[in-house]
Amino acid sequence: MASLFNRFQEAVKTLAKNPMFAKNRLFARDPRHLQFEADVNRLFLYTSYYRLGANAEEKDAEEIIDMASKASVSEQQKQVQENVHYQLTNMCQAMDSILLPDTKSGASEANNYPRRSGLSFAIGTGVASANKPDVPSTRPLNRAELSNKFRDRFQYTLDIRTSQIPHKDAGKGLFLSGETNAGAVLAIYPGVVYSPAYYRYIPGYPKVDACNNYLITRYDGTIIDAKPWQLGGDSREIWDGSDLLDYNAVPSKSQESNSDRAWRMLSKPLKKSHTENFGEVLERRNPLAFGHFANHPPKGSTPNVMICPYDFPLTEKDMRVYIPNITFGGEEEPITMKRFGSFWFKSGRSGNQVGDSPVLKTLVLVSTRSICDEELFLNYRYSNSKKRPEWYIPVDEEEDKRRWS
């Protein structure tokens with residue numbers, strides 16, 4: 001298996017330098033899309049390698065490498081989605097077998113958690129509802145117990161510990177306990193999902209990152225705020241994305257510039273004008289829901305995971321509790337937005353569709369090599385057009401430029 005992985009690693013490097021890629025890089029009007037294509041190509045190779053399994057043969061690997069050089073980006077993207085979904089399906093089924101009681105009576109326990117509007121955590125108004133869904137009963141395992149049982153099934157789990165990065169701002173880090181191969185889905189990025197149509201509802205808007213280090217952006221403009229998820233919980237419960245932190249607190253005048261004051265006056269929250277979202281029943285003990293704790297690699301280290309966009313099909317009802325995200329504004333009528341420069345405009349409906357199936361846009365972390373009892377490092381790809389923190393050492397400056405061009 002190691003020799004096959006070396007072939008895939010060579011393919012990743014070779015395809016990034018092939019004549020067609022170089023030509024596109026030279027003449028592309030949209031370097032950002034070019035970087036997206038390069039990432040899809042890598043993810044296609046890594047996730048396909050993992051799906052081959054331990055009994056893979058040389059001819060299987062050669063076929064996938066050949067496909068990576070010939071298949072269109074959309075075809076590769078579709079295969080990446082299938083590969084990721086295949087892994088998550090197995091994981092969700094395993095967690096069902098661990099957590100769900102043996103009884104088939106259909107009885108459920110409805111926890112008496114007050115439900116709030118999907119808007120409430122942004123505009124500060126709670127709305128009670130008598131139509132809250134029941135929370136099915138599960139075995140009384142805490143988060144650590146579920147994590148250990150998950151490791152028994154998949155040979156790895158995730159731990160949150162003090163980072164090994166020798167920097168005062170490193171804080172907590174994400175660690176793999178156990179071992180796995182390249183192409184494995186190791187974590188999901190949890191939290192509240194904002195489409196461009198709802199940017200102005202992100203807590204703290206427009207300076208959304210001023211007091212929140214847990215925001216991440218997909219290539220399609222979708223933003224995920226993992227701060228409300230924190231460390232999850234010890235039960236299956238209704239979760240609406242609420243966060244006790246007041247992002248909208250006005251800073252003192254000594255800290256607020258004239259520009260900041262102008263933004264605050266001009267950027268008032270939008271009025272509620274859509275169907276309320278009262279949260280979803282989610283498994284807060286989910287051992288995969290820690291993607292937001294992965295740190296950027298320090299100097300001398302390289303990333304061992306990479307971001308992979310994942311569009312979860314909402315038709316998969318049995319898996320929904322294990323996808324630790326909710327869509328701000330609800331999942332019923334997504335709005336399509338078009339990007340022109342740095343601005344987004346509405347262009348219709350149904351932007352979250354694959355065929356006729358609605359999806360939940362989220363992100364997963366995929367391993368880029370074999371990992372054994374290590375801290376997980378993710379290339380943050382901060383924009384080089386803004387001041388970056390002193391601890392940030394670019395992994396690839398050219399990739400950073402293309403990502404945010």
Side-chain angles (χ1 to χ4, degrees), residues 47 50-51 78 80-111 113 115 118 131-143 145-154 157-158 184-193 224 229 232-241 277-291 308-327 330-332 334 352-366:
T47 59
Y50 185 86
R51 194 164 180 178
K78 181 179 179 181
V80 169
Q81 292 293 313
E82 291 181 5
N83 292 343
V84 170
H85 189 69
Y86 174 79
Q87 291 191 49
L88 287 176
T89 298
N90 290 335
M91 294 173 180
C92 292
Q93 290 174 349
M95 285 190 279
D96 266 352
S97 68
I98 295 169
L99 287 171
L100 297 186
D102 294 329
T103 178
K104 297 183 180 180
S105 63
S108 62
E109 296 176 355
N111 294 331
Y113 296 107
R115 299 183 66 203
N131 298 318
K132 63 182 180 181
D134 287 344
V135 180
S137 61
T138 59
R139 291 192 174 96
L141 302 175
N142 61 33
R143 191 173 63 229
E145 290 170 331
L146 175 57
S147 180
N148 289 333
K149 289 183 178 294
F150 182 89
R151 176 171 177 163
D152 291 341
R153 300 288 184 96
F154 295 97
T157 191
L158 299 173
V185 173
L186 300 184
I188 306 173
Y189 204 93
V192 184
V193 180
I224 303 176
W229 185 265
D234 273 321
S235 66
R236 181 170 297 190
E237 62 188 54
I238 298 168
W239 190 69
D240 64 1
N277 169 32
F278 293 104
E280 296 285 342
V281 176
L282 299 181
E283 183 50 71
R284 296 273 284 157
R285 295 166 289 185
N286 192 337
L288 298 171
F290 296 114
C308 176
Y310 171 57
D311 294 344
F312 170 71
L314 290 167
T315 52
E316 298 279 4
K317 303 295 185 182
D318 292 340
M319 295 174 61
R320 180 64 184 93
V321 294
Y322 299 113
I323 307 302
N325 303 95
I326 61 169
T327 300
E331 299 170 352
E332 299 302 319
N352 291 352
Q353 308 286 325
V354 174
D356 295 325
S357 300
V359 299
L360 172 59
K361 294 185 175 183
T362 186
L363 291 165
V364 298
L365 303 189
V366 171

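These numbers come from a predicted model, not from an experiment. In what follows, every heavy atom counts, from backbone to side chain, and hydrogens, waters and symmetry copies are set aside.
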Evaluate the side-chain proximity of [Y] to [X]: yes if any heavy-atom separation is below 4.5 Å, no if none is.
| X | Y | answer |
| --- | --- | --- |
| Arg143 | Leu146 | no |
| Asn90 | Arg153 | no |
| Arg151 | Pro287 | no |
| Arg51 | Glu82 | yes |

Write down the atom of [X], the atom of [Y], and the distance for their closest heavy-atom approach.
| X | Y | value |
| --- | --- | --- |
| Leu363 | Pro309 | CD2-CA, 3.6 Å |
| Leu158 | Ala187 | CD1-CB, 3.8 Å |
| Met91 | Phe154 | CA-CZ, 3.6 Å |
| Pro101 | Thr138 | CD-CA, 4.1 Å |
| Pro190 | Gly291 | CD-N, 4.1 Å |

Calculate, to the nearest 0.5 Å, the distance between atoms [atom1] and [atom2] belonging to [X] and [Y] respectively.
| X | Y | atom1 | atom2 | value |
| --- | --- | --- | --- | --- |
| Leu314 | Thr327 | CG | OG1 | 7.0 Å |
| Leu288 | Phe150 | CG | CZ | 4.5 Å |
| Gln93 | Leu100 | CD | CG | 11.5 Å |

Legend entry - Results of side-chain contact (heavy atoms from CB on, under 4.5 Å) for Val321 - residues two or more places apart only: Arg236, Val281
Legend entry - With sequence neighbours excluded, residues passing side-chain contact (heavy atoms from CB on, under 4.5 Å) with Asn148: none
Within the distance-only criterion (no hydrogens, no angle test), does the side chain of [X] pair as donor or acceptor with the backbone N or O of [Y] below 3.5 angstrom?
| X | Y | result |
| --- | --- | --- |
| Arg139 | Ile98 | yes |
| Asn325 | Gly191 | yes |
| Asp234 | Asn142 | no |
| Gln81 | Asp311 | yes |

Inset, instruction - Carefully, step by step, assess Val192 and Ile224 under the rule side chain to side chain contact (heavy atoms under 4.5 Å, CB included). - result: CA-CA 6 Å; Val192 184; Ile224 303 176; over 6 Å; no
Legend entry - Parallel, tilted or perpendicular: ring planes of His85 versus Phe312, cut at 30 and 60 degrees: tilted
Legend entry - Result of checking Leu88, Leu282, Ile188, Asn286 against Tyr322 for side chain to side chain contact (heavy atoms under 4.5 Å, CB included): Asn286
Legend entry - Val366, Val185, Leu186 screened by side chain to side chain contact (heavy atoms under 4.5 Å, CB included) with Gln87, the one that passes: Val185
Legend entry - Test log, rule side chain to side chain contact (heavy atoms under 4.5 Å, CB included), inputs Tyr50 and Asn83: CA-CA 9 Å; Tyr50 185 86; Asn83 292 343; over 6 Å; no
Inset, instruction - Given side chain to side chain contact (heavy atoms under 4.5 Å, CB included), test Tyr310 with Val359 step by step and report yes or no. - result: CA-CA 9 Å; Tyr310 171 57; Val359 299; over 6 Å; no
Inset, instruction - Test Met95 against Glu283 for side chain to side chain contact (heavy atoms under 4.5 Å, CB included), laying out the working first. - result: CA-CA 10 Å; Met95 285 190 279; Glu283 183 50 71; 5.7 Å; no
